[in-house]
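Accompanying notes for the structure given below.
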Amino acid sequence: MEDKNRLLLIDGSSVAFRAFFALYNQLDRFKAPNGLHTNAIFAFHTMLSSLMERIQPTHVLIAFDAGKTTFRTEMFADYKGGRSKTPDEFREQLPFIKEMIEKLGIRHYELANYEADDIIGTLDKMAEAPDVNFDVTIVTGDKDMIQLVDGNTRVEISKKGVAEFEEFTPDYLLEKMGLTPSQFIDLKALMGDSSDNYPGVTKVGEKTGLKLLQEFGSLENLYENVETLKASKMKDNLIADKEMAFLSQQLATINTKTPLEIGLEDTLLKEKNVAELGQFYDEMGFSQFKSKLLTDGGGEVTDETVSEEIKFEIVTDKSSVASVNADDFFYLETLGENYHREQIVAFAWGNAEKIYVSKNLDLLTEMKFPENTYDFKKNRVLLSHLNIELPLVKFDAMLAKYLISTTEDNKISTIARLFDVGHLATDEEIFGKGTKLALPDDEILFDHLARKIRVLARAKEKMMAELIENEQEHLLSDMELPLAEVLAKMEITGISVSQNTLEEIGAENEEKLALLTREIYELAGEEFNINSPKQLGVILFEKLQLPVGKKTKTGYSTAVDVLEDLAALSPVVAKILEYRQINKVQSTYVKGLIPQIADDGKIHTRYVQDLTQTGRLSSVDPNLQNIPVRLEEGRKIRKAFVPSQDSLLLSSDYSQIELRVLAHISADEHLIDAFKHGADIHTSTSMRVFGIEKAEDVTANDRRNAKAVNFGVVYGISDFGLARNLGITRKDAKNYIETYFERYPGIKTYMENIVREARDKGFVETMSHRRRKIPDINARNFNVRGFAERTAINSPIQGSAADILKIAMINLDKALTERQSKSKLLLQVHDEIILDVPLEELEEIQALVKETMEEAIELAVPLKVDENTGKTWYEAK
DNA sequence: CACATCACG
DNA sequence: ACGTACGTGATGTGG
């Protein structure tokens, strides 16, 4: 099995075309020094490398179309007619793609009168001969080749960008479309192909075609039995277009007997020509490919041409640490991610010219820390373990990069690339990952650290310039940086969790699960893994024959909403739902949390401050922002979260903060009025939208519907989404939305304006100038564009709400410090903060928290905070 | 390592 | 015609 030959066949013409469009928006950025466009060459190279890496083929052939006329144009003159001219920018790149392929040691081939498909189909058949029996992967940009899939052959179709492919196997084809590979040809015969410009049968599209094939199996059988169809327009069309259907069938069929001048032996992968390839990359201006080529063992070229030299001083004693320049950067390295449990393995400081590195942690005690760093919060926590209190810095490159753009990650290697300050290896390249994570030799470690310092030092001014340009300097200095300090404090404090309580809940759950498991096996008539959606699907939809509702990409969906619809049909379904619920609590919150309790009896989460697209925080390792609350079964977990001795937990949350923010930024007078009058907002919406005069006349159902509409508004409403959520028709949902916009015209205007703004500027902003890029806002694909529009609507709302809570936390921390209060911030859950408050301070602090939160910012509507206290988190709600 | 599922705001 | 509500993280399965 291991030494089996693997053949990779690529439709060079269509993949190159896809590559061209994958980086079409970067057309101007990808230019060779001589002015040649290189976006397609670059993307093709990237696609090819990742395919080679993933598939590890022994044999490769890239086929190209030879010219406009083929045996198909002889059969049908209009074949591929009416296509718009291929762009010049693309055509000029094709010869270079072929040249590059040769230098990579890969064979390419084209043959007059035949298309790339035919070359590939023929080689595929050759490779399936019993005496050779290759595994074949075909990569292409369009669907025509799906007909070739079989046990030995899978077809991957480029979907998006340079890395996403949809993989077709016989099973997948059957799953997705209900077709065999040969039926796929017949489907195209019936529906035609608009891009290849043959028509098939009039008025028959994919839906009808699929239906007919499901009924008759094949085109031939359909026409043998065409008279049995009941009289209809479709029947008339089928009969009238019979000839075209069979011609289309011939056009769609790939010729697997093409008279090739090459054989399988010619596709054997050869060594790449490093010297010529290096020269080619230079000509194209592909410096990254060049350096990768050389580092991957290219041969004779020395390191100097690859990367810049760097000098640094290894410090072992305390002589130089007390006089560090304030303008320098410093950086602490750890091996793992969880800095609560990690040790500092090395550190570095300096500027773009002079850099120092060390492994001697004793030096840190004497160190005068400079004012620039990367990930202040991590550094603060790490140093706190050495009893060093790191003063707040003035600049944090990680946070700065996050504010400038959330589209990419904020690693230093990414900063190096984006701000064009030289190449930096990723941490993964230096330290490995997973089980292979390890420290390299000091030489490599220090070199890497020194390079990080240099990148940071060089990028700082560019980043500052961009922050100023974006009006974001305050966002860094007055929001994210002070917040980092507050979050560090919260993480270090941690929250006490009673292991006993968790274990008691766990024991109860185990009993319930054991009983439910027995009952489920009994009702199902056999034992199976209830946790496997695949096995569960077989039991429910095959053995018990329950009606199939939704499907997922891999099989039957067994998600809650599907199962709830089935509960009435079989008693086992309710038991499965109950099992799922308890098992979730047990695995994630009992078994998951217990090992997270540290020796101090507390859980110390980490807040990720540079991740979300909107400005929210996230919480990891463990996530304390998704502790169950909605269902009683899970809510009990909160009984394990407790305050310190003689304290209570105080939970303070903003009421309807997102709708209040929406009222403010949209300036809709009716929504503002409602909040000013302290109305129940869903009742108020209900009255306006459904035309109800008196609040008493709003039924629970009216309010529920209005609540769903309000949610929808915040998310960037669509009739489809609202209909699905409320279980009403799309038409009714559409009506609701129209009425809503009539009654709240300011909201409608906001939505139109923000989408236009996203189109004009390419990004949207929160009240504090936090930005989110919306690159897909002009996408031609309806879905992609729709998603981008909803994002444009939602992000300023969710993001401004996040900004407000961040401000409140900073102000509150300051107020607590000034009062020398013993109360402590413990957790943040998006619109809520949880504090540990000593009993004697309760009254004072409760008032302080409420006031600080409500006055964090002045909006056109009041902010409202609800508070609860308790001896556990369960009670404080 | 991708996917499905389900926990939160 | 297209087929989704916005933002997250952890777990278990199965290739």
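Put simply, A/R790 has a side-chain N or O that comes within less than 4.0 Å of OP1 or OP2 on C/dC6. A close approach under 4.0 Å does occur between a side-chain nitrogen or oxygen of A/R630 and OP1 or OP2 of B/dC8. OP1 or OP2 of C/dG15 sits under 4.0 Å from a side-chain N or O of A/K534. In terms of phosphate contacts, A/R580 brings a side-chain nitrogen or oxygen within less than 4.0 Å of OP1 or OP2 of B/dC6. The shortest distance between the side-chain N/O atoms of A/S557 and the OP1/OP2 oxygens of B/dT5 is below 4.0 Å. Residue A/S587 has no polar side-chain atom (N or O) positioned under 4.0 Å from OP1 or OP2 of C/dT11.
Base pairing annotation: C/dC2 forms no Watson-Crick or G-U wobble pair, as no partner gives both donor-acceptor distances under 3.5 Å.
Within 4.0 Å of A/D653, counting heavy atoms only, lies no atom of the nucleic acid at all. Across all strands shown, A/V620 has heavy atoms under 4.0 Å from sugar-phosphate atoms exclusively, and none from any base. A/N626 comes within 4.0 angstrom of a base, heavy atoms only. Across all strands, A/K551 comes closer than 4.0 Å to no nucleic acid atom at all (heavy-atom distances). Heavy atoms of A/D621 sit under 4.0 angstrom from primed sugar atoms or phosphate atoms, though from no base atom. The residue A/R772 sits close only to the backbone: its heavy atoms come under 4.0 Å of sugar-phosphate atoms, none of a base. Nucleic acid contact for A/V608: none, since no nucleic acid atom lies under 4.0 Å from a heavy atom of the residue. The residue A/E832 sits apart from the nucleic acid: no heavy atom pair falls under 4.0 Å. The residue A/T558 sits close only to the backbone: its heavy atoms come under 4.0 Å of sugar-phosphate atoms, none of a base. Using a 4.0 Å heavy-atom cutoff across all strands shown, A/G712 reaches at least one base atom of the nucleic acid. A/S718 comes within 4.0 angstrom of a base, heavy atoms only. Counting non-hydrogen atoms under 4.0 angstrom, A/L617 reaches nothing in the nucleic acid. Using a 4.0 Å heavy-atom cutoff across all strands shown, A/A788 reaches no nucleic acid atom at all. Among the protein residues, A/V585 comes within range of no part of the nucleic acid, since none of its heavy atoms lies under 4.0 Å from any strand.
Ionic pairing of A/E875 and A/K877 is not present here: no N-O contact between side-chain nitrogen and carboxylate oxygen is shorter than 4.0 angstrom. Electrostatic pairing of A/K433 and A/E428 counts as a salt bridge here, judged by a charged N lying under 4.0 Å from a carboxylate O.
Rounded to whole Å, the distance from CD on A/Q535 to P on B/dT5 is 14 Å. A straight line from NE2 of A/H830 to C1' of C/dG9 spans 10 Å, rounded to a whole angstrom. In this structure, A/I603 places its CD1 atom 14 Å from C1' of C/dA10, rounding to the nearest Å. Between A/I797 atom CD1 and C/dG7 atom P there is a gap of 12 Å when expressed in whole angstrom units. Atom-to-atom, NZ of A/K550 to P of B/dT5 comes out at 7 Å; the value is rounded to the nearest Å. Here B/dC8 presents its C1' atom at 12 Å from CD1 of A/I834, a figure rounded to the nearest Å. The CG atom of A/D831 sits 10 Å away from the C1' atom of B/dC8 (whole-angstrom rounding). We find that CG of A/N794 is positioned 16 Å from P of B/dG9, with the value rounded to whole Å.
Nearest-nucleotide mapping onto DNA chain C: of A/S618 and A/N529, the residue sitting toward the 5' end is A/S618. Along DNA chain C, the nucleotide closest to A/F720 and the one closest to A/T791 are compared, and the more 5′ of them pairs with A/F720.
In terms of modelled atom types and a separation under 3.5 Å, the side chain of A/E508 and the main chain of A/I505 share no donor-acceptor contact.
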Starting from the C-alpha separation in whole Å, work towards a yes-or-no answer on side-chain contact (heavy atoms from CB on, under 4.5 Å) for A/K551 and A/E175. CA-CA 10 Å; A/K551 287 194 129 198; A/E175 188 76 32; 3.4 Å; yes

Under the side chain to side chain donor-acceptor pair (under 3.5 Å) rule, what do A/T612 and A/S618 come out as? Steps first, then yes or no, please. CA-CA 7 Å; A/T612 70; A/S618 89; over 6 Å; no

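Comparing the same atom, C1', in B/dC6 and in C/dA1 gives a spacing of 32 Å after rounding to whole Å. Distance check on atom P: C/dG3 versus B/dC8 gives 31 Å, rounded to whole Å. Rounded to whole Å, the P atom of C/dT4 lies 15 Å from the corresponding atom of B/dC3.
Listed candidates were B/dA7, C/dA10, C/dT8. Nearest to the side chain of A/Y589 is B/dA7. Comparing atom distances between the A/S532 side chain and each of C/dT13, B/dC8, C/dG7 picks out C/dT13 as nearest. The side chain of A/N531 has C/dG12 as its nearest neighbour among C/dG12, C/dT11, C/dC6. Closest approach to the A/P628 side chain among C/dG3, C/dT4, B/dC8 is made by B/dC8 (side chain taken as heavy atoms from C-beta onward).
A donor-acceptor pair shorter than 3.5 Å cannot be found between the side chains of A/T406 and A/R772.
For A/Q798 against C/dC6, a side-chain-to-base donor-acceptor contact under 3.5 Å is present. Taking only distance into account, the side chain of A/R724 never meets the base of C/dG3 through a donor-acceptor pair shorter than 3.5 Å.
Here the options are A/Y589, A/Y874, A/W873, the test is ring pair (Phe, Tyr, Trp, His ring centres under 6.0 Å), and the partner is A/F641; only A/W873 passes.
Aromatic ring pairs are classed by plane angle as parallel below 30°, tilted from 30° to 60° and perpendicular above 60°; the pair A/Y172 and A/F168 is perpendicular.
Stacking of A/F787 onto the six-membered ring of C/dT4 is not present when judged by under 5.5 angstrom between centres and under 30° between planes.
Under a cutoff of 6.0 Å and an axis angle of 45°, A/R606 and A/Y339 form a cation-pi pair.
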